[in-house]
There are 2 protein chains.
Amino acid sequence: MTAVSPARIAHPDTGLPADPRVEALVNQVIGRVADKWTMLILEALTEHGPLRFSRLGKEVGGISQKMLTQTLRQMERDGLVIRTVHPVIPPRVDYQLTDMGLTLAEAFCGVWTWAETHLERIEAARLAFDQRQQT
Amino acid sequence: MTAVSPARIAHPDTGLPADPRVEALVNQVIGRVADKWTMLILEALTEHGPLRFSRLGKEVGGISQKMLTQTLRQMERDGLVIRTVHPVIPPRVDYQLTDMGLTLAEAFCGVWTWAETHLERIEAARLAFDQRQQT
DNA sequence: CAGCATCCTCGCGGATACTG
DNA sequence: CAGTATCCGCGAGGATGCTG
C-alpha cells in the first residue's frame, strides 16, 4: 500500500486523480479533514500558535470539551497536531501544529478567504432565491 | 448589511478577519460549504461539466437521491449552481456551476491535492499512533 | 486543569412509496 | 426522469458528574 505511483494518473483537465481506489481514499481523508471543528481548531492554532487545552477551547468558541478532546485526538492520530504533556500540578497540555498540519491550514486558507470575500454575494443569492420561491 | 467594510480589519499575521461578527458569519458559511456532499458535487460538476440529475448522482457515487436533491437545493440557494428545467417528457434537469461555484471549487482544489499528496503520510501517522497506544 | 464516562436528545441521512 | 412525502434508525454531539 506504500506504492501508490501507478494510481497517480491525473485527469488532464483538473489534475485530480482518476483512479477510483485513490479517489475513495482521498474522499475519506477529505471527509475527516473537512470537519467543522477540525477546520476551526486548525485556524486557532495557526493564528495563535501553540495553545493549551482550555485556551484553545476559548479561541475556537462554542465547542464542547468532549468535541475538543475528540477532535484533537483525531488530529493527533492523523499527524496534524503534537500533544505535549507537562508533568506538573495542575496539569498543563500544549497543542501545536505539525508541519503537515501547517500545510493543511495553508490549503484551507483559500477556502477561508473565499468564504470571507463571497459573504455578501451568498447573502444576496439566498435572498433572491427565497423571494423567487415564496412568490 | 451590505456595508461590511468597517469589519474587514484583517489580522496582520494571517490575513484573516479579526472581527467576531464576521468571523461567526464566515464560520457559518464554512460549515455549510465544508459539507461532504457539497464538496463531492462540486468536484463532479467541475470534472464533468453540466450534468443532469441522475447522471450527477452516479458521478458522485454513494449518495441517496434525497441528499442529492437537498444538497443541490442548498447550493442553488447559495448561488453555487444553476438549475435548468427542460419542459420535455420525460423531464430533464441540468445542473451547472455558477462562476462563484467555480471559484469555490478552485479554492477547494488546494485541499483536494493536499489530501492526495499526504495520503501515505497520514496513513503512517495513524499506524504509529495506534501502535504507541495499544502497547 | 485536562480528560474520561455516562446519559440523552436531536437531526442527518437512508429506505420506501407515490406523483407530474 | 426528477423529484416530493413519510417513516425511522443511528450516531454526532451537548450536559453533567467524577478522577488524577
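As a basis for the values below, the full set of heavy atoms in this structure was taken, side chains included, without hydrogen atoms, waters or symmetry mates. Below, chain A is the first sequence line, B the second, and so on; all start at residue 1.
Rounding to whole angstrom units, CG of residue B:Leu68 and P of D:dG3 are separated by 8 Å. One can place CG of A:Asp35 at 15 Å from P of C:dC12, the figure rounded to the nearest angstrom. We find that CD of B:Gln70 is positioned 7 Å from P of C:dC12, with the value rounded to whole Å. Separating the CG atom of B:Leu40 from the C1' atom of C:dG13 is a distance of 15 Å, rounded to the nearest angstrom. Distance CG (B:Leu72) to P (C:dG13): 14 Å, rounded to an integer number of Å.
Considering every non-hydrogen atom in both A:Tyr95 and A:Val93, the closest pair reads CE1-CG1, 3.7 Å. The heavy-atom pair separating B:Glu116 from A:Val26 by the smallest distance is CA-CG2, 4.0 Å. In plain terms, the two heavy atoms of A:Thr46 and A:Ala105 that are nearest each other are OG1-CB, 3.4 Å.
Hydrophobic clustering, with ILVMFWY side chains joined whenever heavy atoms are under 4.5 angstrom apart, groups A:Leu51 together with A:Val85.
Separation of atoms CZ (B:Arg121) and OG1 (A:Thr103) is listed at 6.5 Å; rounding is to 0.5 Å. Of the inter-residue distances, the one linking B:Cys109 atom SG with B:Leu104 atom CG reads 11.5 Å to the nearest 0.5 angstrom. In this structure, B:Asp94 CG and B:Leu56 CG are separated by 10.0 Å, a value rounded to the nearest 0.5 Å. Between the CD1 atom in A:Ile82 and the OG1 atom in A:Thr98 there is a gap of 6.0 Å [rounded to 0.5 Å]. Once rounded to the nearest 0.5 Å, the distance linking CD1 of B:Ile122 with CH2 of B:Trp114 reads 4.0 Å. How far NZ of B:Lys36 is from CD1 of B:Ile41: 11.5 Å, rounded to the nearest 0.5 Å.
The side chain of A:Tyr95 approaches C:dG3 more closely than any other nucleotide in the set C:dG3, D:dG3, D:dC1.
Near DNA chain D, meaning a heavy atom under 4.0 Å from it, residues 53-61 of chain B has B:Phe53, B:Ser54 in order of number. Residues from residues 73-83 of chain B with heavy atoms under 4.0 angstrom of DNA chain D, sorted by number: B:Arg73, B:Arg83.
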Expected list for residues 58-68 of chain A: side-chain donor-acceptor pairs under 3.5 angstrom, two or more places apart:
unit_1: A:Glu59; atom_1: OE1; unit_2: A:His48; atom_2: NE2; d: 3.4
unit_1: A:Glu59; atom_1: OE2; unit_2: A:Arg55; atom_2: NE; d: 3.1
unit_1: A:Glu59; atom_1: OE2; unit_2: A:Arg55; atom_2: NH2; d: 2.7
unit_1: A:Ser64; atom_1: OG; unit_2: A:Met67; atom_2: N; d: 3.3

Could you list the donor-acceptor pairs under 3.5 angstrom formed by side chains in residues 73-80 of chain B, with sequence neighbours left out?
unit_1: B:Gln74; atom_1: OE1; unit_2: B:Arg32; atom_2: NH1; d: 3.2
unit_1: B:Arg77; atom_1: NH1; unit_2: A:Asp130; atom_2: OD1; d: 2.8
unit_1: B:Arg77; atom_1: NH1; unit_2: A:Asp130; atom_2: OD2; d: 2.5
unit_1: B:Asp78; atom_1: OD1; unit_2: A:Arg126; atom_2: NE; d: 2.7
unit_1: B:Asp78; atom_1: OD1; unit_2: B:Arg32; atom_2: NH1; d: 3.4
unit_1: B:Asp78; atom_1: OD2; unit_2: B:Arg32; atom_2: NH1; d: 2.9

### Message
For nucleotides 14-20 of chain D, give me one character per nucleotide, 5' to 3': B if any protein heavy atom sits under 4.0 Å from the base, S if the only such contacts are to the sugar-phosphate, - if neither.
### Response
BB-B--B
### From CA spacing to verdict: side chain to side chain contact (heavy atoms under 4.5 Å, CB included), B:Trp112, B:Glu43
CA-CA 10 Å; B:Trp112 188 274; B:Glu43 188 221 342; 3.4 Å; yes
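Taking only side-chain nitrogens and oxygens, A:Arg52 never comes nearer than 4.0 Å to OP1 or OP2 of C:dC1.
Note on the helix from C:dC1-D:dG20 to C:dG20-D:dC1: terminal axis deviation equals 40°, with five pairs used at each end and the result rounded to 10°.
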